[in-house]
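Encoded as structure tokens, the structure appears first; notes follow it.
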Amino acid sequence: MPVLTSSSPSFTSISLSIFLLLILNNTTVICSATTRTNTTRPNRQLSVNYYAKSCPQVEQLIGSITSQQFKESPVSGPATIRLFFHDCFVEGCDASIIISSKQQGNKMLAEKDAPDNKDLREEGFESVRKAKAVVESKCPGVVSCADILAISARDYVHLAGGPYYQVKKGRWDGKISMASKVASNIPQANFTVDQLLILFSSKGLTLEDLVVLSGAHTFGFAHCQNFVSRLYDYRGSKNPDPIIDPRLLSALRMSCPHYGGNADIVAPFDVTTPFVFDHAYYGNLEAKLGLLASDQALSLDPRTKPIVQALAKDKQKFFQAFGAAMEKMGSIGVKRGRKHGEKRKDCSMHML
């Protein structure tokens with residue numbers, strides 16, 4: 001999932017969103033953020049009813065937090081989903097991304113503080129922290145942070161208008177969190193389809209999984225730094241990416257100068273419905289309105305283009321595929337038992 005960035009939509013970014021929407025809708029109706037050990041081998045110990053006896057109300061408890069957070073701060077949605085992606089792609093889905101580098105005795109930076117994770121929004125961490133506190137008050141020492149993150153991500157997809165899919169549970173929290181392992185395992189905004197496929201394949205994910213999971217960019221925002229090279233010096237050409245829609249290029253250049261711009265400025269992945277989880281992302285790619293080079297590449301490569309076209313035409317097809325792909329991704333590198341994992345009471349701190 002290439003660089004799902006979920007920056008808080010400031011006044012400037014909202015203004016940019018509105019401006020983009022206006023200029024694009026004037027002329028066109030658009031169809032409606034490496035290692036090879038973390039594979040998605042089937043894990044029969046994960047199950048939907050894992051906490052049926054030990055904490056039967058776990059999903060309701062987490063839901064009470066996600067629904068409140070979504071109302072108070074909608075950016076919590078893309079922030080949490082991005083957090084889940086970044087967690088699963090490094091050391092597997094084990095909540096290792098939430099561990100703090102400041103923990104006593106920790107002599108190296110944790111994943112959270114790696115350069116590729118430096119702009120992860122606090123709202124994602126806050127959602128997990130609040131959900132964990134509520135769950136611990138009712139079911140102490142039972143539910144892992146990793147499962148809470150997986151459930152929270154699903155909740156936000158649904159709250160934003162996306163599908164509701166069952167989340168299999170039973171993950172334990174990982175004991176290892178190293179910033180040095182992040183860079184080689186996180187997709188970059190300028191990746192080619194070949195580079196994306198190599199990375200996704202190393203996680204046990206397919207070509208279709210790549211295209212479907214990239215659809216999470218149907219909501220959320222990205223900082224200028226993730227796409228500014230497309231606007232001025234695409235792959236060292238000294239010119240903008242020739243494929244980008246001229247209207248989008250002009251609008252983005254107004255807020256994202258080549259040099260010296262405001263590092264806090266963000267633009268929406270989806271210029272038509274940036275706060276809604278729908279399938280507009282794929283229609284935008286067909287119209288050459290993709291924000292990131294790695295996104296736009298999916299509509300150009302002959303291997304991925306047919307999938308983009310199919311998902312652009314059928315929202316329910318996308319929703320069904322997305323739920324299945326999230327379940328598959330949620331099985332990457334799952335930890336089980338005390339030898340390999342733990343169940344942290346504080347998601348940011350190892351058990352001592």
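All values derive from a computational prediction rather than experimental measurement. When reading the values below, keep in mind they use all heavy atoms of this one structure, side chains included, and skip hydrogens, waters and symmetry mates.
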Decide whether Asp270 and Thr272 meet the rule of one side-chain donor and one side-chain acceptor closer than 3.5 Å. yes
Salt bridge present between Asp94 and Lys335 (N-O < 4.0 angstrom): yes
Got more than 12 heavy atoms from elsewhere within 6.0 Å of CZ, Arg253? yes
Side chains of Asn226 and Asp119, heavy atoms from C-beta outward: is any pair under 4.5 Å? yes
I'd like to know if the side chain of Gln68 pairs up with that of Glu72 as donor and acceptor (distance under 3.5 Å, no hydrogens or angles considered). yes
What class does the angle between the rings of Tyr281 and His217 fall in, given that below 30° is parallel, 30 to 60° is tilted and above 60° is perpendicular? perpendicular
Do His340 and Trp172 come close enough that some side-chain heavy atom pair is under 4.5 Å? no
So that I can tick it off, tell me whether Glu59 and Arg154 are bridged by a salt bridge, with the cut-off set at under 4.0 angstrom between side-chain N and carboxylate O. yes
If we check side-chain contact (heavy atoms from CB on, under 4.5 Å) with Phe125, which of these qualifies: Thr80, Ile98, Leu149? Ile98
Exceeds 12 heavy-atom contacts within 6.0 angstrom, atom NZ of Lys305: no
State plainly whether the residues Asp147 and Arg171 are in salt-bridge range, i.e. N to O under 4.0 Å. yes
Examine the side chains of Asp241 and Gln296 and answer whether a donor and an acceptor come within less than 3.5 Å of each other. no
Pair Lys168 + Glu327, salt bridge at N-O below 4.0 Å: yes
Please report the closest heavy-atom contact between Ser76 and Ser127, naming both atoms and the distance. CB-OG, 3.9 Å
Decide yes or no for Ser67 and Phe70: does some side-chain heavy atom of the first lie under 4.5 Å from some side-chain heavy atom of the second? no
Tell me if the CD atom of Glu122 is crowded by more than 12 foreign heavy atoms within 6.0 Å. yes
Non-hydrogen side-chain atoms of Gln57 and Cys139 separated by less than 4.5 Å: yes
For a quick check under 3.5 Å, do Thr206 and Asp209 share a side-chain donor-acceptor pair by atom type? yes
List the residues meeting salt bridge (Lys or Arg N to Asp or Glu O under 4.0 Å) with Lys112, not counting sequence neighbours, and say none if there are none. none
Lys/Arg N to Asp/Glu carboxylate O, Arg303 vs Asp301, below 4.0 Å: yes
Is there a side-chain contact between Leu205 and Lys328 (heavy atoms, below 4.5 Å)? yes
Shortest non-hydrogen pair, Leu159 vs Thr66, comes out as CD1-O, 3.6 Å
Asp314: which residues meet the salt bridge (Lys or Arg N to Asp or Glu O under 4.0 Å) condition with it, sequence neighbours left out? none
Less than 6.0 Å separating the ring centroids of Phe219 and Phe277? yes
From Glu123, Lys130, Glu126, residue fulfilling side chain to side chain donor-acceptor pair (under 3.5 Å) relative to Gln69: Lys130
Do Phe89 and Phe200 have their ring centres less than 6.0 Å from each other? yes
Mutual orientation of the aromatic rings belonging to Phe318 and Tyr282 [parallel < 30°, tilted 30-60°, perpendicular > 60°]: perpendicular
Does a side chain donor of either Thr192 or Asp194 reach within less than 3.5 Å of an acceptor in the other side chain? no
With a 3.5 Å cut-off and no angle check, do the side chains of Ser47 and Asn49 form a donor-acceptor pair? no
Are Lys132 and Glu136 close enough for a salt bridge, meaning some N to O gap below 4.0 Å? yes
Exercise: do Glu111 and Ser96 side chains pair donor with acceptor under 3.5 Å: yes
